[in-house]
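I have placed the structure first, in the form of structure tokens, so that the comments after it can refer back to it.
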2 protein chains.
Amino acid sequence: MKVKEVSQLTGVSVRTLHHYDDIGLLTPDCTTEAGYRLYSDDNLATLQQILFFRELGFSLKKIGELLTSPAFSRQEAFEMQRNMLLEKRKQLDSMINTIEKTIQHGKGELVMTNEEKFKGFDFGENPYEQEARERWGDKAVDESNKKAAQFGPDLEKEMNRIYFNLASLRHLSPNSDEAQVAIGQWFEFLNKMGNYSLEAFRGLGEMYVADERFTKNIDKFGEGLAVFMRDAMAVYVE
Amino acid sequence: MKVKEVSQLTGVSVRTLHHYDDIGLLTPDCTTEAGYRLYSDDNLATLQQILFFRELGFSLKKIGELLTSPAFSRQEAFEMQRNMLLEKRKQLDSMINTIEKTIQHGKGELVMTNEEKFKGFDFGENPYEQEARERWGDKAVDESNKKAAQFGPDLEKEMNRIYFNLASLRHLSPNSDEAQVAIGQWFEFLNKMGNYSLEAFRGLGEMYVADERFTKNIDKFGEGLAVFMRDAMAVYVE
DNA sequence: GTTGACTCTCACGTTACGTCATACTTTATA
DNA sequence: TATAAAGTATGACGTAACGTGAGAGTCAAC
């Protein structure tokens, strides 16, 4: 789909699409050789996400952070957004209530304090952001780091813990959330003592299967773990 | 009340109060000789109005125009705002509905078209503004005055005929065929001497009931004709 | 009488686009 | 098939509604 079609479908302006592309929030999957932006269905789904978050008052910057967070899951996000929308409706109800009272107040049928007159406006500290940050924000990553670090200077123990954890998940899909979180921990762990690029990380996964010495050592934690890890690592890199 | 108190009470920042003062949207009734802003209860009521309109997506400029309009009435505004808030809640419900469908869609339990995925987002042409402009915009009063003045004797006759005809139908449903034909004639008639958009036409109907001067003149042809016409006009627009 | 919370007025920064201007590409029409 | 019309791209500047200090005056309290 070209910009105008997307614009008409979603109600956002073409300029907005350009803008989102400029700031890297929504880069179309494809372009014609003339430079025309072409949006895929997946791009549309992302745009929908963006609009939901925007409606809930998130800044574009924060939306970008959320969308690119490794812990981000679309389904999870949708369910959360639903809750947020319900919250917002409650707020709206509160405002409606306030205004109805105000109308009566104007007719002299009711007395109102100043505070009551502004009930429902307290937009100030919305709990939405908080929840989102906890779920997908930097804090989540930091916390897990902290926990991992608490295992002490004994790196081998920590390593084993991660392997163990992964082994317990190896019957799941390599791209399941749990698997990806676990493999993320593995990636962080490796980066504590060296600098693994994502590409190197993927290569490592390949080696787990290709090299028998690795395979055997890894599969000690559970049959098929090496293969599982390779797949999960490949997914993680993406 | 000084700025901080107002800020805490209402949830808006001190800077915002300064800003509203700067642009003349909300100038405190009083200041100390040191230049401190002092807000009266009336100022607070105005601020409440501002916040309601703001929540409904009006620009500060437009809010200022509304508030200073001679036709502006606080009570009327409140009632209108309540309707707008109810409208907005409907929109929210639509979004919630969309998101619930989307969740099912994600689980593969449902098929959705791209259009369905963006239902409820269509912020584009909000009817709120339109209504407000018609009610309090200077334009509404001027235009109808001008046109009324231009009436020649021929036109007046035709107009009366249409009114008469409508009055004879006012016991029917506003969306009956007869009523719609008659109101269609009225629309054509108006368009002979000016350009009435459908939206303006609907607004005119609203004014028939809202503005006593109209109501009285119209009801001369039959009790309740103004209300009947407003309803028929609303139906006609759709 | 001085500390700390509160206030003032500039004035520049920021976010999320809007609005041209200018130029190229694609589609429709004659 | 040429040519107009509609769509798109990239700057680049504009705007709305504040945020964020800086620097200075004011006020209540200990």
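Residue numbers start from 1 in every chain, and the chains themselves are labelled A, B, ... in the order their sequence lines are given, proteins ahead of strands.
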query = Whole Å only: how far is the CG atom of Leu38(A) from the P atom of dT8(D)?
reply = 10 Å
note = d(Arg15(A) CZ, Leu17(A) CG) to nearest 0.5 Å is 10.5 Å
ask   = How about Glu55(B) and Gln81(B): does a side-chain donor come under 3.5 Å of a side-chain acceptor?
value = no
message = For the backbone of Lys90(A) and the side chain of Ser94(A), can you confirm whether one donor and one acceptor N or O come within less than 3.5 Å of each other?
response = no
request  = May I ask you to test the Phe78(B)-Arg82(B) pair for a side-chain heavy-atom distance under 4.5 Å?
outcome  = no
message = Looking at dT8(D), I'd like to know if its phosphate oxygens (OP1 or OP2) sit under 4.0 Å from a side-chain N or O belonging to His18(A).
response = no
Earlier contact from the 5' end, DNA chain C, for Gln8(B) and Arg37(B) = Gln8(B)
query = Rounded to the nearest 0.5 Å, what separation is found between the CG atom of Leu26(A) and the CG atom of Leu67(A)?
reply = 9.0 Å
inquiry  = Side chains of Lys101(A) and Thr98(A), heavy atoms from C-beta outward: is any pair under 4.5 Å?
reply    = no
key: Between P of dT26(D) and NZ of Lys2(B), the distance in whole Å   = 13 Å
note = Going 5' to 3' through nucleotides 11-25 of chain D and flagging B where a protein heavy-atom sits under 4.0 Å of the base, S where only the sugar-phosphate is that close, and - otherwise, we get -B----BBBB----B
inquiry  = I'd like to check Asp29(A) versus Leu38(A) (side-chain heavy atoms, cut-off strictly below 4.5 Å). Are they in contact?
reply    = no
task = Would you check if Arg37(A) and Asp21(A) make a side-chain contact, meaning some heavy-atom pair closer than 4.5 Å?
result = yes
query = Contact boundaries of DNA chain C with chain A (under 4.0 Å, heavy atoms), 5' to 3'?
reply = dA16(C) to dT26(C)
